[in-house]
Structure formats: structure tokens, C-alpha cells
J.: 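If you scroll down you'll find the structure; I have some questions about it.
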Amino acid sequence: MATFKAIRVDKADKGTTAALTQFDEAELMDGDVTVRVEWSTLNYKDGLALTGKAPVVRRFPMIAGIDFAGTVEQSSHPDWKAGDKVVCNGWGMGETHLGAYAEKARVKGDWLVRLPDGISARDAMAVGTAGYTAMLSVLALEKHGLTPKSGPVVVTGAAGGVGSVAIAVLSKLGYHVIASTGRMSETDYLKGLGASEVIDRAELSGAPKALAKERWAGGVDSVGSTTLANLLSMTKYGGAIAACGLAAGMDLPSSVAPFILRGVCLLGIDSVMCPIELRRTVWRRLASDLDKAKLADITHEIALDEVMGFGAKILGGQVRGRIVVKIV
């Protein structure tokens, strides 16, 4: 069996190690579709897995990477044949199933989504789990009943991957977007994506009140913790916040006041085990509602051998927008 390049994570005496190495195809896990991976991407969770800062990886050895786009090489699944262009996000890749930072991947065909017309494999990874999660959040807000007429929407972690795509999509849909960031130096970048206002994250980092002045009808939060608690306390009557991240922590020092006195809803967003039909809807919406020029503006390309160095950078808040990883 052939070998191929992959970033392998191994258990060490203290924590884990990650290195670019040759991986034997015979060691690939069970699956009915084998894909030649062409592009991947770097998400916050990838940074955690590569650095060992959190116990993301659940089996060893592991190939890191939670997203890929590429071409089917072999398939025994009825929906897929050699030559099909596919995208895969989540499903435990890079955690419990060998992942995407490799020239080959073997997965279940039920995990795959056909690459939509008008989106290249590179574009799909410029979107990646971060952008796919942003669109899941937008769909949840729409299902709640939010429209541009409802009022402003807030996006936290605005200069990151989820935030950047959320701003671009929401602004194209006609929303007045308030971007919250810890990097006010990125104000021009955020306004270029479509933000109408940019606020310092310090405005959302103080001790939360049970109820504060109403400021927005809804929002997308990738930060969690005190930031999310403050967002909820400032949400208008009947509004909603889509929560999809934990960059500041898993705690939520809030109260029931926003829920029982203002009818605010907290919408949980899970990207990993999201049902396949919703995934297809997300990718169709991304094809129509994400400006490709803005996507290009927020994207930076790196090679597979650069991934480890960027893992620490994304955890340190030193990455703007989206990073695509060229595999082949």
C-alpha cells in the first residue's frame, strides 16, 4: 500500500506531539469512500488539537484536521463515484476519526456533501467549518424570525473565521451589523466586510447585569463566557443569540432574566454532528449569500508544512479571517 503525507498527532509523556510525516494507507480507518484531499483549512479547534492545549484528540495516532475538500478516488457508497467533488466538515474528523491534513482520507459516504456549483474546492475550505458554522448561525436566527427590520445584529470575535464570514453574509442579507473585536486595529477590515459599527470587546467583558440596555435584536457569538452573558443581557425583547464557540471559556455567568423578562432565546449551534440535509442547505446558501470577492479578501493560503506554526497563532488571536491549506 502507498504512503502519503500527513500531519500526525501522537501521545507523548507530557501532552501530545504533532509532526508532518509519511502515513501508511493501510492504517486508514474504515469508510466506504476514499478521497484525494486537495484543500483543507485551519479552525480554532484545529489549533487546540495541534498544540494539545485542549483534549480534542481522542485516539492516537491521529491525523489532524476537521475539514477537507477534494475528489473521490474510490467508493462503494451508492451516492458517490470516482471523480465526484466533495466537501466534508466535522463528524469527529481530527478527533476520533483520521482527519484532513493528509493527501488521502477515508470516510463514510453519508458524511459527504457534493461541492455546490460555483464553489471551488479552495473556496469551500476558505469557508470551512468556521464559515459553515457562521451560516448555521444565520439560518438559526432566520428560523427564529429575525429579519433586517428586526434591528441591529452583533457579531463577536469579529475578526476571526466565524465572525468574518458572519459579517459578510449578514451584511449582504441587509442587516445592520455591529462587530465586536479585541483588535480595534482591524476596524477597516471589518467595515470592508460590511460591518456598520465596530465596538471594542471590552464593552462586553465586564461583570454582566441581569438586564442591561437593549442594543441588538440578535447576534452570532463565538466567544462564550462573560461575553455571551453580556450579549444576552443587551438583547432586545424577543431577540435571539446564536452561540457557536467558546474562545473565552465554557462558562456562562448569566441569569434567567433575559429569558423570562424579555423572551430572549439562546440558540445552540453544533457543526460537528449536524444532520446532512441541513448541511446541504447551508452549502447552498453559502453559494448564493456569501460574496466571493469578500471571501477572497479574508483568505490567506499556507502549505501543509506551515500548519503546525499557525496552530499556536490562531489560539493567540493572531489570525485574521480564514486560512486555507494547500494539500496537493
Side-chain angles (χ1 to χ4, degrees), residues 5-23 37 39-68 89-90 92-96 98-103 125-134 156-165 180-186 189-190 201 205 221-225 227 244-251 271-272 298-327:
K5 288 192 297 185
I7 293 179
R8 175 174 167 147
V9 179
D10 284 288
K11 191 77 173 171
D13 290 340
K14 294 183 179 179
T16 61
T17 61
L20 181 61
T21 185
Q22 290 292 317
F23 202 91
V37 180
W39 293 92
S40 187
T41 183
L42 183 72
N43 299 287
Y44 192 85
K45 184 182 282 186
D46 294 316
L48 293 172
L50 290 164
T51 61
K53 296 284 187 181
V56 170
V57 177
R58 311 283 176 81
R59 74 176 295 278
F60 298 94
M62 175 56 64
I63 296 176
I66 65 174
D67 293 334
F68 71 71
N89 309 96
M93 285 196 305
E95 301 176 70
T96 57
L98 296 177
Y101 292 151
E103 293 174 315
M125 288 299 95
V127 172
T129 282
Y132 149 71
T133 302
T156 64
V162 173
S164 294
V165 176
S180 166
T181 181
R183 294 178 273 173
M184 292 301 289
S185 58
E186 300 286 13
Y189 165 78
L190 296 170
R201 71 178 176 200
S205 62
D221 176 59
S222 60
V223 178
S225 191
T227 295
C244 61
L246 46 64
M250 292 187 69
D251 61 314
S271 65
V272 176
I298 70 175
T299 302
H300 174 68
E301 182 180 318
I302 64 174
L304 186 58
D305 61 3
E306 297 178 88
V307 168
M308 280 82 73
F310 275 83
K313 289 183 179 180
I314 198 167
L315 298 188
Q318 299 171 327
V319 170
R320 181 175 83 175
R322 301 288 295 125
I323 290 179
V324 292
V325 181
K326 184 173 176 60
I327 305 294

J.: Would you say the side-chain atoms of Asp67 and Ser40 include a donor-acceptor pair closer than 3.5 Å?
T.: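 Short answer, no.
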
J.: Is Glu95 reaching over with its side chain to a backbone N or O of Val57, donor-acceptor style, under 3.5 angstrom?
T.: no

J.: Is it the case that the side chain of Asn43 and the backbone of Asp46 share a donor-acceptor pair, with hydrogens and angles ignored and the cut-off at 3.5 Å?
T.: no

J.: Is Ser222 reaching over with its side chain to a backbone N or O of Cys244, donor-acceptor style, under 3.5 angstrom?
T.: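 No, Ser222 side chain to Cys244 backbone: no donor-acceptor pair under 3.5 Å.
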
J.: So Leu304 and Ile7, do their side chains get closer than 4.5 Å, heavy atoms only?
T.: yes

J.: Is the closest side-chain heavy-atom distance between Val272 and Lys45 below 4.5 Å?
T.: yes

J.: Checking Phe310 against Ile302 for the side chain to side chain contact (heavy atoms under 4.5 Å, CB included) test, could you report, in this order, the C-alpha distance in whole Å, the side-chain angles of both residues, the deciding distance, and whether it holds?
T.: CA-CA 9 Å; Phe310 275 83; Ile302 64 174; 3.7 Å; yes

J.: Mind checking side-chain hydrogen bond (donor to acceptor under 3.5 Å, both in side chains) for Glu306 and listing every partner two or more places apart, or none if nothing turns up?
T.: none

J.: Can Tyr101 and Met62 be said to form a side chain to side chain contact (heavy atoms under 4.5 Å, CB included), step by step?
T.: CA-CA 10 Å; Tyr101 292 151; Met62 175 56 64; over 6 Å; no

J.: Quick one, Arg201 and Arg183 - any side-chain contact, counting heavy atoms below 4.5 Å?
T.: no

J.: Which atom pairs, one a donor and one an acceptor, fall under 3.5 Å between side chains of residues 315-323 and the rest of the protein, sequence neighbours left out?
T.:
residue	atom	partner	partner atom	Å
Arg320	NH1	Glu186	OE1	2.9
Arg322	NE	Ala126	O	2.8
Arg322	NE	Val127	O	3.0
Arg322	NH1	Leu42	O	3.2
Arg322	NH2	Thr41	OG1	2.7
Arg322	NH2	Met125	O	3.3
Arg322	NH2	Val127	O	3.2

J.: Shortest non-hydrogen contact from Ala49 to Val56?
T.: CB-CG1, 4.0 Å

J.: Check whether more than 12 heavy atoms from other residues, nucleotides or ligands sit under 6.0 Å from atom CZ of Arg8, and answer yes or no.
T.: yes

J.: Start with the C-alpha distance between Leu20 and Met308, add both sets of side-chain angles, then the distance that settles side chain to side chain contact (heavy atoms under 4.5 Å, CB included), and finish with yes or no.
T.: CA-CA 9 Å; Leu20 181 61; Met308 280 82 73; 4.2 Å; yes

J.: Which pair of heavy atoms, one from Tyr189 and one from Ser164, lies closest together, and at what distance?
T.: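 Looks like OH-OG, 2.8 Å.
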
J.: Which atoms form the tightest heavy-atom contact between Ala6 and Phe23, and what is the distance?
T.: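 Smallest heavy-atom distance, with atoms named: CB-CB, 3.9 Å.
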
J.: So which heavy atom on Pro61 is nearest to which on Asp10, and how close?
T.: CB-OD1, 3.4 Å

J.: If the condition is side-chain hydrogen bond (donor to acceptor under 3.5 Å, both in side chains), which residues does Asp305 pass it with, not counting sequence neighbours?
T.: none

J.: Please check this pair: side chain of Thr51 against backbone of Gly47, looking for a donor-acceptor N/O pair closer than 3.5 Å.
T.: yes

J.: Heavy atoms, side chains only, cut-off 4.5 Å: are Leu190 and Thr181 in contact?
T.: yes

J.: State, with a plain yes or no, whether a side-chain heavy atom of Glu103 is found less than 4.5 Å away from one of Val37.
T.: no

J.: If you look at every heavy atom in Ala248 and Ser225, which pair is closest and at what distance?
T.: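 So the minimum-distance heavy-atom pair works out to O-CB, 3.8 Å.
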
J.: Please round to the nearest 0.5 Å and tell me the distance separating atom CG of Leu48 and atom CG of Leu246.
T.: 8.0 Å

J.: With Tyr44, which residues qualify under side-chain hydrogen bond (donor to acceptor under 3.5 Å, both in side chains), at least two apart?
T.: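 If we apply the side-chain hydrogen bond (donor to acceptor under 3.5 Å, both in side chains) test to Tyr44, skipping adjacent residues, there are no hits.
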
J.: Which pairs count as salt bridge (charged side-chain N to carboxylate O under 4.0 Å, His left out) when at least one residue sits in residues 49-63, sequence neighbours excluded?
T.: none

J.: Please give me the minimum heavy-atom distance between Gly311 and Leu50, naming the atom from each residue.
T.: CA-CD1, 4.2 Å

J.: Name all residues meeting the side-chain hydrogen bond (donor to acceptor under 3.5 Å, both in side chains) criterion together with Thr16; count only those two or more places apart in sequence or in a different chain, and write none if there are none.
T.: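 Not a single residue meets the side-chain hydrogen bond (donor to acceptor under 3.5 Å, both in side chains) criterion with Thr16.
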
